Structure formats: C-alpha cells, structure tokens
Amino acid sequence: AQTVTQSQPEMSVQEAETVTLSCTYDTSESDYYLFWYKQPPSRQMILVIRQEAYKQQNATENRFSVNFQKAAKSFSLKISDSQLGDAAMYFCAYVQYGNKLVFGAGTILRVKS
Amino acid sequence: DSGVTQTPKHLITATGQRVTLRCSPRSGDLSVYWYQQSLDQGLQFLIQYYNGEERAKGNILERFSAQQFPDLHSELNLSSLELGDSALYFCASSVSALLDNEQFFGPGTRLTVL
C-alpha cells in the first residue's frame, strides 16, 4: 500500500529563520513524483514544490527546497527566511501510475514574529 | 486562482438527502479528480475522469457517484448523506492523464450534513 507519513503534527519557526518539515513515503515503484502542497486558512491547495523520482538533483523554488533521499524514501521540505505568509498546513504527497495523489496527514506550520 | 471552479462554495443539508457538487476544469484540461478532506480521514482521492471516462477509483463510497460531461465539467453526486460525509470536497484538473501532469486544485466545496 502506498503511504505517506508526516511525523510532525505541528512546527513553529521564528520569522526569518529556517525550518524543515519531514516526510517519508512507502512505494515499490521506481517511477513516481513527490510534492509539497500548502493549505493556508483559505483552504486553497497550493503546489509549493515537486520532485521527480528519477532526478537526483533536489528541487528548489525560491525559499523552498527539498532534500530527496530516494533510498531512504525521505522527502523533507526546507523553508528558508520564513515569512508570516508561510503559516499554513503543509501536505506531502506522492503520485505514481494511476495519477491519484496520496497525501500525508499534514504539518501545521506556525510562524512567530 | 488556479482556473478550476467549483460550485457551490458551501452546502448545508440534512442526513438522508442528496447533493450535487460541480467542477469546471481549467481550459484545456481533460482530466478531473475528486478528493475529500475530512478531519478523521484526511485528504483522500475519490475518483478520476479523463475525457469523459472513468480512469481511476479510490476510496469512494457506493452512495457517491461522479461523471464528466462532454464539455469536460464534472459532477460529484452524494446521496443518502450521513453526518460523516461532512467534509471539504476538492476538484482538481490536469492537462492529460500522464504521471507528470500537475494537478490544479479548485477552492473546494464545504459540505455540512446536519
């Protein structure tokens, strides 16, 4: 069964600091994609970053970067220079053949000013 | 704004009733997905349609059904509603059914069953 585990229900970070959100997944497939989605209080699902499993290079999008460890099935999200607008629920997700997104339980990120 | 629209935004109904949620995908997108977000189950995939045909099924109850019409909009029908069906229902769309296609999410329909 495909599973995504986010072991941190809640995280806090000081504004301008760096925070890392953890995610592990389980699959026997070799071809898949991994994502981090942000869900602010508006409830809109916003794609933050994605990683193709066949790429060794870690994806980066401005202040957001991932640490993709394929052998360990680990996919963490690093947010640098945290801003108040980063406060949200963050979901790690996985997709393989069949295209259904499998989501983790989410991590609430609080940003302190 | 993702370009995916969902109506209505909010829906309040009673147990035993039937409701229809509507989704219009982004222009040009052929694939539509439905997801349910509830407190106890989290975010779960329900069903996917591609160009009018059912493509994949997830944890969708028999009381729920969906379809995608020739103009590519989709409807999710929920019947014999129970309290536990209260959730946020998302529609997402993508260009095709290929694995690398990004899914764009609509704003969701919040269903409350009383």
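All values below come from the heavy atoms of this structure, side chains included, with hydrogens, waters and symmetry mates left out. Lettering of chains follows the sequences in order, A, B, ..., and the numbering in each one begins at 1. This structure is a prediction, so every number in the text was calculated from the model and none was measured.
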Would you compute the distance between atom [atom1] of [X] and atom [atom2] of [Y] and round it to the nearest 0.5 angstrom?
{"X": "B/L88", "Y": "A/Q39", "atom1": "CG", "atom2": "CD", "result": "7.0 Å"}
{"X": "B/Q103", "Y": "A/Y37", "atom1": "CD", "atom2": "OH", "result": "5.5 Å"}
{"X": "B/Q44", "Y": "A/K100", "atom1": "CD", "atom2": "NZ", "result": "9.0 Å"}
{"X": "B/S2", "Y": "A/M45", "atom1": "OG", "atom2": "CE", "result": "11.5 Å"}
{"X": "A/L101", "Y": "B/F105", "atom1": "CG", "atom2": "CZ", "result": "5.5 Å"}

Inset, instruction - Might you confirm whether atom CD of A/E10 has over 12 heavy atoms from other residues, nucleotides or ligands at distances under 6.0 Å? - result: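 Count over threshold, so yes.
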Inset, instruction - Using a cut-off of 6.0 Å, state whether more than 12 heavy atoms not belonging to B/L114 lie near its atom CG. - result: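 For B/L114, atom CG is crowded (more than 12 foreign heavy atoms under 6.0 Å).
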Is there a chain of hydrophobic side chains (I, L, V, M, F, W, Y, each step under 4.5 Å between heavy atoms) that links [X] to [Y]?
{"X": "A/L47", "Y": "A/V66", "result": "no"}
{"X": "A/V4", "Y": "A/F68", "result": "yes"}
{"X": "B/L72", "Y": "B/V4", "result": "no"}
{"X": "A/Y33", "Y": "A/F91", "result": "yes"}
{"X": "A/F64", "Y": "A/L109", "result": "yes"}

Inset, instruction - Evaluate the side-chain proximity of A/V102 to B/F45: yes if any heavy-atom separation is below 4.5 Å, no if none is. - result: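 Contact flag for B/F45/A/V102 side chains = no.
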Legend entry - Least distance between heavy atoms, A/R50 atom then B/E102 atom: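 Looks like NH1-N, 4.0 Å.
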Inset, instruction - Below 4.5 Å from any heavy atom of chain B, which atoms of A/Y32 appear? Answer side chain, backbone, both or neither. - result: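 When you check distances to chain B, only backbone atoms of A/Y32 fall under 4.5 Å.
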Legend entry - Portion of B/Y35 that has a non-hydrogen atom of chain A nearer than 4.5 angstrom: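 For B/Y35, the side chain is the part near chain A, not the backbone.
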